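All chains are named by letter (A, B, ...) in the order of the sequence lines, taking the proteins before the strands, and each is independently numbered beginning at 1. Worth saying up front: this structure is predicted, and the values here are computed from it rather than measured.
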2 protein chains.
Amino acid sequence: MSIKKASTIQDVANKAKVSIKTVSRVINNEPNVSLETVKKVETAIDLLDYQPNAFAQSLARSKPKIISLIYDTPSPNYISHIMEGVLAYCYKVDYEVIIHPLRFNEVGLMRSAEKFIKKSRLAGLIVTPPYSDNVEFIKLIESFDLPKVLISSGLNISEEDSIKTNDREVSMQMTDYLISNGHKRIAFIKGHPTHLCINDRFKGYQDAMNRAGIEIDNSIVENGLNSLSSGEQCAERLLSLKERPTAIFSSNDEMAAGVIKVAYRNGLNIPSDLSVVGFDDSPMTAMITPPLTTVKQPLDAIGEKSAEKLIDKLENKELVRESVINSNIIYRDSVKKIN
Amino acid sequence: MSIKKASTIQDVANKAKVSIKTVSRVINNEPNVSLETVKKVETAIDLLDYQPNAFAQSLARSKPKIISLIYDTPSPNYISHIMEGVLAYCYKVDYEVIIHPLRFNEVGLMRSAEKFIKKSRLAGLIVTPPYSDNVEFIKLIESFDLPKVLISSGLNISEEDSIKTNDREVSMQMTDYLISNGHKRIAFIKGHPTHLCINDRFKGYQDAMNRAGIEIDNSIVENGLNSLSSGEQCAERLLSLKERPTAIFSSNDEMAAGVIKVAYRNGLNIPSDLSVVGFDDSPMTAMITPPLTTVKQPLDAIGEKSAEKLIDKLENKELVRESVINSNIIYRDSVKKIN
DNA sequence: GTGAAAGCGCTAACAA
DNA sequence: TTGTTAGCGCTTTCAC
């Protein structure tokens, strides 16, 4: 078991018989190196199994190749997939990622966020909801003049700083789907009011209902809080109505799961007595009975595109990138055609 | 919106009218600084809102304060919670964490792992399953002489390098619970064979059955692969047996969910016709009907303890730390008492 | 108890 | 096309 010692740029330079600057040029793909020299240097790099020291690079460069992913911690599935995408892209282009959970309700949040940003010497940040909806937080980032990409922000953000999904549109499609299955009395459970983007989902529902000429009955529009239990509470009310809805569209899966639990408790079968659809395609949706019809956001792709957009900005590349990524409906077994 | 510029150790030294070395001493809690000087320096630090530059520190120090968390990507819930714990502890003691997903089945895995370790100049690693069971991978770490903590490794690892849970014991308790509810014909679905620790769960089942003097019928011991669909397949077989089990103990929740789906498909009610228990307490277990009785591992605590153990090692602290963390059963509604 | 100087491994600015 | 030099911000000698 031989202990390996990392080699330095000087070692490479010695082996290739060039100056360290030349090695540096090769590493960073800078111009003005003869092909022959490049070959020599690359051979030496391979031979020594050389890896540049990221700290030394960061220290020497003005802008370190480090970005951070900021998130709260409500949903493991959401954040893991976003993170996957971000890490995958950054790994390709040789950026480091610092993962930073921040408790949304913590006192001194801004102070600790500021401290973090300072300490980490970030080049830029990727921000997920609910922080991407938080004006104060975004101002903080701007006060550092840091490039950023906000994921699914409900704020009025310039396109070059944001990545969004077409929640409103898919939500409309989902409602259309319900309508095309004969449903008219379609209840809607809204999401947490501070999550702006989730409320686009309600708008999509409104769009579809309006277009179909079905008047929205506000007594079957509930205000949820994204959690299982809040879904249950909404469902209790909805299902105890004299004129029950035939379908419930929940703005997220977790609340939809709450609806299904309450339905079973009340002796209702899904989907024969009640159709239910959700949003997010969280892993459990395939596991519950019946499997839930829901909307899948391509989270890995969102993470990847966010990282790409941010890094392109950092490197002053032309960015004519798409900023809307399409979600799509996953049809499963929780909707029944009625007449 | 004023753009803030980070201050350096020199700024602090100027303001406090001392040398940079003295500032460095204060930052690192080194001895031989008069109380008065410490006060002066600390005031200057506060005034300038100074944060040491982690790269410069890492570069100057031999050992950077950076560790990495290595994982595959099967389970968002598992890894997010472990990560939470690791990040929380590291944040407290001022270590950076690099999160590194590695595809288990990728070709050139070892090569890319090696490259990663070199490049990141890690001080140590925390390794989760399945890598903590991978001899080749562990040898790689050792070839770099890097301190490590292996989470839930099934290998014969020295206690100071590992954090485990009492899977075998809880698994025995769970089986006891089933037995005490009148079940004798208890099926078991084993987990993926390369995940060593998951097979401790089977041992616990054996322990309990043996102790209760119930002979284990191998025709109701299934080999699962941790996935929903593999749970379904096992359940298909189990439930088509002439002499059906009255309870099924699945080594993870996902397979248990598969069992429940198949049971419903076959017109069986849970728990009245069949009791089912799982392992992991993944979020969906509370959402399915009926809520599943399962085992909860304190994942955040595992992450935190792993980080603590690793960092104590890095800093040569005495480590008389516990290395086994207790899981416990979460009783819900998927088990019925039979006679 | 304190400070000056060297150097960690790299990049940037300037020469050659 | 290539090399030299001076830092980046910090810690580590070693001297005072």
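A salt bridge links B/D161 with B/K313: the closest approach of a Lys/Arg side-chain nitrogen to an acidic carboxylate oxygen falls below 4.0 angstrom. A salt bridge between A/K309 and A/E159 is absent, with no side-chain N of the basic residue lying under 4.0 Å from a carboxylate O of the acidic one. Between B/E142 and B/K139 there is no salt bridge, since none of the side-chain N atoms of the basic residue sits less than 4.0 Å from a carboxylate O of the acidic one. Ion pairing of A/D49 with B/R111 is present here, as a side-chain N (NZ or NE/NH1/NH2) and a carboxylate O approach within less than 4.0 Å.
Side-chain N or O atoms of A/S58 include one that pairs as donor or acceptor with a backbone N or O of A/A54 at under 3.5 Å.
For A/K21 against C/dA12, a side-chain N or O and a base N or O form a donor-acceptor pair under 3.5 Å.
The NZ atom of B/K65 sits 22 Å away from the P atom of C/dC8 (whole-angstrom rounding). The interatomic distance linking B/F55 (CZ) with D/dT11 (P) rounds to 14 Å, in whole Å. Rounded to an integer number of Å, the gap from A/Q51 CD to C/dC8 P is 20 Å. Note: CD1 (B/I20) to P (C/dA5) measures 11 Å, nearest angstrom. Separating the CG atom of B/L48 from the C1' atom of D/dG9 is a distance of 15 Å, rounded to the nearest angstrom. The CD1-C1' distance, from B/I9 to D/dT11, rounds to 8 Å in whole Å. Atom CZ in B/R61 sits about 15 Å away from atom P in C/dG9, given to the nearest Å. One atom, NZ of A/K40, and another, C1' of D/dT1, lie 11 Å apart when rounded to the nearest Å.
Within residues 22-36 of chain A, the residues approaching DNA chain C are A/S24, A/N28, by heavy-atom distance under 4.0 Å.
OP1 or OP2 of C/dT2 sits under 4.0 Å from a side-chain N or O of B/T37. Residue A/T8 has no polar side-chain atom (N or O) positioned under 4.0 Å from OP1 or OP2 of C/dC8. Note on B/S19: a side-chain N or O is less than 4.0 Å away from OP1 or OP2 of C/dG3.
Applying the 6.0 Å contact sphere to NZ of A/K15 captures no more than 12 heavy atoms from other residues, nucleotides or ligands.
Which of D/dG9, C/dC10, D/dT1 sits closest to the side chain of A/N53 comes down to C/dC10.
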Apply side-chain contact (heavy atoms from CB on, under 4.5 Å) to the pair A/K40 and A/V33, showing each step before the final yes or no.
CA-CA 11 Å; A/K40 260 199 315 198; A/V33 190; over 6 Å; no
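Using the six-membered ring where Trp is involved, B/F137 and B/Y131 have ring planes that are tilted, between 30° and 60° apart.
Inter-axis angle, ends of the helix from C/dG1-D/dC16 to C/dA16-D/dT1, five pairs per end, rounded to 10 degrees: 30°.
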Donor-acceptor pairs are to be reported for all side-chain atoms of residues 82-91 of chain B against protein atoms at under 3.5 Å, with residues two or more places apart or in another chain.
{"from": "B/E84", "atom 1": "OE1", "to": "A/R103", "atom 2": "NH2", "distance (Å)": "2.3"}

